[in-house]
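When a residue number appears, it is its place in the shown sequence, counting from 1. Note that the structure is a prediction, hence the values are computed from the model and not measured. Just so you know, ligand 1 is whichever comes first in the structure, and atom 1 is the first atom listed for that ligand.
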Amino acid sequence: MSDSILAPTPSAVADDRCLAERTVAITGGTGSFGSTMAAHLLRRGVGAVHVLSRDEAKQHDMRVAFADERLRFFLGDVRDRESVAAAFVGADHVFHAAALKQVPSCEFFPLQAVQTNVLGSHNVIEAAHAAGVASVVCLSTDKAVHPINAMGQSKALMEKTAQAFARQHPGSATVVSITRYGNVMYSRGSVIPLFVRQIAEGVPMTLTDPAMTRFLMSLGESVDLVEHAFERAVPGDLFVRKAPACTMQTLAQSVAALLGVPDHPIQVIGTRHGEKQHETLLSREEMTSALDEGDYYRVPVDARSMEYSLYFEEGDQGAVRRTDYTSENTVRMDVEQTVELLRTLPEFAHLNGAAR
Ligand SMILES: O=c1ccn([C@@H]2O[C@H](COP(=O)(O)OP(=O)(O)O[C@H]3O[C@H](CO)[C@@H](O)[C@H](O)[C@H]3O)[C@@H](O)[C@H]2O)c(=O)[nH]1
């Protein structure tokens, strides 16, 4: 579908994708991704970064930490279109990171996930369109593929909302694209800082399922992915970054080895509610049309929307030859490789130079 009638060629739109002196709005701008992206953009010489988020305390902390007049803060919520529109005045580009992303909270409050992840994303896209923003990159997750929990299901609908906009507005000046990524190592509340804390407290590391696998990605790589999408997307494109994976057993052993306690006890607690054994970054159907761009896959939007016969009468021979791209069948790291990867994280930098 790379020759989609919707899509200008990447080179035709490349001039719009300049960051110098431009204004970029980031929804969820005070989160781990948002603040890392903001720092990156300021280093790249943007004119201004509009940070939209709900938490005034985090905005205050970020204002003090960054001390950069190019940062402007907008209190608001993606559920509230007016507050989104206010943050997008003068914006050339939008990175949409605001989301409810914890599996348990979305499981207990699925309508909250719908309001933020689906309707909020619709507000972001429509407000960007109305403001004449040139590009919107929406951040999604591997949990949106074959989703089994409300977080993934709401993110899957966010993706559909973004793709539907691309189909329905072929002449729009606003290019909407999607990035999907897996677990970001050391993100707030995730398993690696938990293992580190358990080791520090001298209690066993809690392991859900030793054979469970996850894609592993750094925060820097997630910024690279979003930038890759920003630079190359044509309307409705979905991008993933190829990533290695490891089992939870390997991850626990690697954290323990890196901290110098390779024999730290492990307690197996069982799979949590709403959790898959393996994650999928691209389904086999998506792999059929995916374009290999080196470190990335690009999946052009399926532009058949208005031709029902293509949905119901013509099949797709390609799909039967492909398989999902999963954390089970991607490059699998052993303990040694995982330790080396963990060593590259800023949180473990103080260990470098210590005995290997
Ligand atoms: O005590 C624990 C807690 C977790 N795990 C395992 O560690 C892995 C990672 O868990 P966690 O760090 O909690 O992340 P996920 O639940 O996989 O979800 C994260 O990764 C997603 C991408 O897949 C993001 O979309 C989510 O926002 C983010 O919370 C999973 O296999 C868990 O089963 C354990 O072994 N022991």
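- Evaluation of the ring pair (Phe, Tyr, Trp, His ring centres under 6.0 Å) test over residues 22-63, restricted to residues two or more places apart or in two chains, returns His50-Phe74.
- Backbone and side-chain nitrogen or oxygen atoms of Asp209 are examined, and none is located within less than 3.5 angstrom of a nitrogen or oxygen of ligand 1.
- Screening Glu56, Arg54, Met62, Arg63 for a side-chain contact (heavy atoms from CB on, under 4.5 Å) with Thr30, the sole residue that qualifies is Met62.
- Listed by number with element, the atoms of ligand 1 under 4.0 angstrom from any heavy atom of Asp142 are 22 (C), 23 (O).
- Under the 4.0 Å criterion applied to side-chain N and carboxylate O atoms, Glu293 and Arg232 are assigned as salt-bridge partners.
- Counting only N and O atoms by type, the side chains of His169 and Thr174 include no donor and acceptor under 3.5 Å apart.
- Of the N and O atoms on the side chains of Gln277 and Thr271, not one donor lies less than 3.5 Å from an acceptor on the other residue.
- Among Leu207, Leu251, Asn149, Thr206, the residue whose heavy atom sits closest to atom 1 (O) of ligand 1 is Thr206.
- The shortest separation from a heavy atom of Lys155 to ligand 1 is not under 4.0 Å, leaving the residue out of contact.
- For ligand 1, the atoms sitting less than 4.0 Å from at least one non-hydrogen atom of Thr141 are 22 (C), 23 (O), 25 (O), numbered in the order shown with element in parentheses.
- Judged purely by distance below 3.5 Å, without hydrogens or angles, the side chains of Arg79 and Thr116 pair a donor atom with an acceptor atom.
- Regarding atom 32 (C) of ligand 1, its nearest protein heavy-atom neighbour is Glu275 OE2, 3.1 Å.
- Within the set Ile269, Val145, Asn183, the minimum heavy-atom distance to atom 19 (C) of ligand 1 is found for Asn183.
- Nearest protein neighbour of atom 31 (O) of ligand 1, counting heavy atoms only, is Met212 SD, 2.8 Å.
- Close N/O approach between Val191 and ligand 1 is found [any backbone or side-chain N/O within under 3.5 Å].
- The Gly182 neighbourhood of ligand 1 comprises atoms 22 (C), with distances under 4.0 Å to a heavy atom of that residue.
- For ligand 1, the atoms sitting less than 4.0 Å from at least one non-hydrogen atom of Met248 are 6 (C), 7 (O), 8 (C), 31 (O), numbered in the order shown with element in parentheses.
- Within ligand 1, counting atoms from 1 as listed, the ones closer than 4.0 Å to a heavy atom of Ser190 are 12 (O).
- In terms of polar-atom proximity, defined here as any N/O pair under 3.5 Å, Thr208 does make such a contact with ligand 1.
- For the pair Arg214 and Glu279, the salt-bridge criterion is met [side-chain N within less than 4.0 Å of a carboxylate O].
- When heavy-atom distances to ligand 1 are checked against a 4.0 Å cut-off, Met205 has no atom that comes that close, whether in backbone or side chain.
- For the pair Leu258 and Arg343, the minimum side-chain heavy-atom distance is below 4.5 Å.
- Salt bridge status for Arg298 with Asp237: present, with a side-chain N to carboxylate O gap under 4.0 Å.
- With respect to atom 21 (C) of ligand 1, the closest heavy atom belonging to the protein is Lys143 NZ, 3.4 Å.
- Close approach to Leu194 involves these atoms of ligand 1, each under 4.0 Å from a residue heavy atom: 1 (O), 2 (C).
- An N or O contact shorter than 3.5 Å is missing between Glu279 and ligand 1 by distance.
- Checked against a 3.5 angstrom limit, the closest N/O atoms of Arg272 and ligand 1 fall inside it.
- Between the side chains of Asp324 and His146, at least one donor N or O sits under 3.5 Å from an acceptor N or O.
- For the pair Val49/Leu42, a side-chain contact is recorded, criterion being any heavy-atom separation below 4.5 Å from C-beta on.
- Ranking the protein heavy atoms by distance from atom 27 (O) of ligand 1 puts Lys101 O, 2.9 Å first.
- Note that Lys242 lies in the cation-pi zone of Tyr297, set by a 6.0 Å cut-off to the ring centre and a 45° limit from the axis.
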